[in-house]
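Written below as structure tokens is the structure these notes are about.
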Amino acid sequence: MWLPVSLSRPLVWAALVALPACIWIPDAALRMVAASIVALGLWDAWRQVRHQRLRLRLSQDAIGLANDAMVISDVDNRVIAVNAAFTEITGYESHEMLGLKLETLAAPRHDKTFYQHFWSTLKSTGRWEGEMWNRRKHGDEYPEWLKVRAVTDKRGKITHYISLFADISAQKARERDLRRIGYEDPLTGLPNRRRLHDLMESRLRSVRAGESLDIALVDIDGLKSVNDSMGVEQGDRLLARFAQRLTSYMAGSVVGRLGGDEFMVIRTTTYDDHDKWVSNLRDHMSSPFEIHEQSLRLGLTIGSCRAPEDGRDSGVLFQRLESALYNAKRLGRNHSLRFRPALDKQDNPQLALVSDLRAALVSGDQLELYFQTQHHPGTGELLGMEALLRWQHPRDGMISPGEFIPLAERHGLMAELGSWVIEKACAQQAHWANNDMPMLTMWVNISALQLFHGDLETQLATCLNRYRLTPAHIGLELTESVLLDERAGDMGPRLKALRNQGYSIAIDDFGTGYSSLGYLKRLPVDKIKLDRAFIRELPGDQADAAIVKAVLSMAKGLDLDVIAEGVETKEQCDFLVNAGCHMVQGFYFARPLPAHELEQRLLPKAQPAKARTGDVAKAGP
């Protein structure tokens, strides 16, 4: 390759003029001067050439270090030069490509129209950029991101092409993995909820005259007990085996996993045998599974519907399937229930209430925290407080938490509702800290969804930092149902980490679950709240009295605090004092009050209060 040497050099021109003078000038001294000028000119020319060679070598080294392949080709697209990255990507050495057209590397994935558009764009604009498939030396095809620029002479005529491309195989593989993760259940390989929506819409569009879609939502009963008794690994193996059997039985149909223990089946059929189809599906899937040398027969709860009779929209059908499954579970598990209009009518008021609850979360002026104080049963000393969530509906008045909390859990609003409670509880604590109110630890009731979404720790840290509080001001209260919810995963490490940060942990409604003692032994718990069901009949009911005494004795041995809920009479207080209970809550001492009324009651007394376990953010009476 010729070096671009510039002739605008005074010394070079002077040397050219002096060269003949060295021969024809008779004076020896003048000839020596001319010779010196020639030598200087030669030296200047040699320096220019050396600098140009250095620049060329540096450019070649820089091109050689590039990760992207570079090709220089002539006007006919025949290769003139390639860099090292080209050899690394394609497998072709430089000498193998010289004189060959780049089209010889093209993979047969692009049609004639593609290349016509490629050349027309390149010649009209002087550049082209996009994705193209090529073939390596050994024959395998790969995608590349190609940039091509045309080089022209002074008259604008194309003389060369410079191509720069990178192998994007890894990037395309990551994109495939992301699509697979987005649309595929990782455990079973079945379509996930998002993909099932798309597949249902596709099936609905392709239904012809005389055809229908049978759709079933299958829930495995008691999977949690399988995980507890045999381990999560065996539980996952059971889910995978269940998916394999369901896919095999429903060959030709859509089978997917919505998450947890819920599966969906979509069948296109011309038969009017929906109930029989669901029954046969149940019988087949209820056959025993052999897991870890044990025979397991599963109970199944199935909600089903039929399209287009029960709806033509995938969102409506999903909602009606979940309604049918929910009502089937209310019948006592291991039932099948087909959607019927009566269920839709039954859910319509609830759906309106859910819509109003969403609006209340947006506006923020309908929801409020009430606070119920906690006391020593003998002295009445103020020991803590519980904040209870209330909803003042603009049309229907005060809505019972027992009515809207289950709806929030069913329709995915519980995490947002719990976040609202944490924010307001911290704000109220900060306000009271600046107004000489007794500082009592608030206990925030945590739902399974807050733990499942995994942002609880971040939200707590953010709120405490914003309102300049410490973890001692906010405690975390979990019901036994949350501890048993498999969506939250293994609770132990997360609760231990929170406790190490300074948060206290309590279990609410103690005694109503079926694994209380096991969780008390395994989890980092500071306090248990004895459910009001055991307090209501005290001191007359011998069974309740025995249970209360046993719980207090057990808690003492485990170094746990106990608070008795629902205390309403002096007799109940006296019994609890004699039994060794040091903390109670109920109407006997105080009813739930809004923040401003509680301030009016406590500010005049302003007695010192030791920050102990209190209770926040749960659906109270």
Side-chain angles (χ1 to χ4, degrees), residues 369-376 381-389 417-433 437-448 450-451 455-483 488 491-510 516 519-520 523-531 555 558-565 581-585 590 592 595 598 609-620:
L369 291 181
Y370 276 48
F371 300 90
Q372 187 176 28
T373 52
Q374 301 165 339
H375 303 263
H376 189 282
E381 177 189 358
L382 182 63
L383 301 176
M385 68 173 62
E386 177 180 8
L388 306 169
L389 184 60
L417 201 61
S419 298
W420 185 92
V421 168
I422 292 175
E423 180 76 24
K424 294 302 178 182
C426 291
Q428 190 62 61
Q429 273 284 56
H431 172 74
W432 282 338
M437 280 280 287
M439 287 306 293
L440 307 167
T441 302
M442 288 188 179
W443 291 81
V444 181
N445 191 40
I446 305 301
S447 73
Q450 284 174 277
L451 291 164
D455 59 354
L456 173 65
E457 293 86 347
T458 302
Q459 188 191 6
L460 285 169
T462 302
C463 286
L464 292 185
N465 182 61
R466 180 183 300 129
Y467 296 107
R468 298 181 180 180
L469 301 173
T470 66
H473 292 106
I474 298 293
L476 308 178
E477 184 175 305
L478 305 92
T479 62
E480 288 186 301
S481 60
V482 171
L483 299 178
M491 301 280 291
R494 294 185 68 182
L495 294 184
K496 288 177 182 176
L498 287 167
R499 194 183 190 191
N500 291 337
Q501 294 174 26
Y503 296 98
S504 297
I505 308 233
I507 296 181
D508 192 19
D509 300 333
F510 182 79
S516 306
Y519 280 109
L520 285 181
L523 296 178
V525 176
D526 299 289
K527 184 180 69 174
I528 56 178
K529 299 186 71 178
L530 193 57
D531 190 73
L558 294 174
D559 196 24
L560 299 175
D561 291 331
V562 177
I563 180 169
E565 297 184 285
C581 181
H582 303 298
M583 194 181 302
V584 299
Q585 175 183 342
L598 186 62
K610 191 176 182 180
R612 295 186 56 181
T613 49
D615 312 321
V616 150
K618 77 168 192 178

So which atom in [X] and which in [Y] form the shortest heavy-atom distance, rounded to 0.1 Å?
{"X": "Leu469", "Y": "Cys426", "result": "CD1-O, 3.4 Å"}
{"X": "Val562", "Y": "Ala555", "result": "CG2-CB, 3.2 Å"}
{"X": "Leu369", "Y": "Ala425", "result": "CD1-N, 3.8 Å"}
{"X": "Val525", "Y": "Arg499", "result": "O-NH2, 4.0 Å"}
{"X": "Met437", "Y": "Leu598", "result": "CE-O, 4.4 Å"}
{"X": "His582", "Y": "Leu383", "result": "O-CD1, 3.4 Å"}

For the atom pair [atom1] ([X]) and [atom2] ([Y]), what is the distance rounded to the nearest 0.5 Å?
{"X": "Asp508", "Y": "Leu478", "atom1": "CG", "atom2": "CG", "value": "9.5 Å"}
{"X": "Gln428", "Y": "Met442", "atom1": "CD", "atom2": "CE", "value": "6.0 Å"}
{"X": "His473", "Y": "Met439", "atom1": "NE2", "atom2": "CE", "value": "3.5 Å"}
{"X": "Met385", "Y": "His375", "atom1": "CE", "atom2": "NE2", "value": "9.0 Å"}
{"X": "Leu460", "Y": "Leu476", "atom1": "CG", "atom2": "CG", "value": "5.5 Å"}
{"X": "Ile446", "Y": "Tyr503", "atom1": "CD1", "atom2": "OH", "value": "10.0 Å"}

Sub-4.5 Å side-chain heavy-atom contact between Lys529 and Lys527: yes
Within-4.5 Å side-chain heavy-atom neighbours: Ile474 and Ile422: no
I'd like to know if the side chain of [X] and the backbone of [Y] have a donor-acceptor N/O pair within less than 3.5 Å.
{"X": "Gln429", "Y": "Leu440", "value": "yes"}
{"X": "Asp526", "Y": "Ile505", "value": "yes"}
{"X": "Gln459", "Y": "Ser419", "value": "yes"}

Tyr467-Glu423 side chain donor-acceptor pair, cut-off 3.5 Å: yes
Enclosure of Arg466 CZ (heavy-atom neighbours >12, cutoff 6.0 Å): yes
Over 12 non-hydrogen atoms of neighbours within 6.0 angstrom of CG in Asp559: no
All side-chain hydrogen bond (donor to acceptor under 3.5 Å, both in side chains) counterparts of Tyr370, not counting sequence neighbours: none
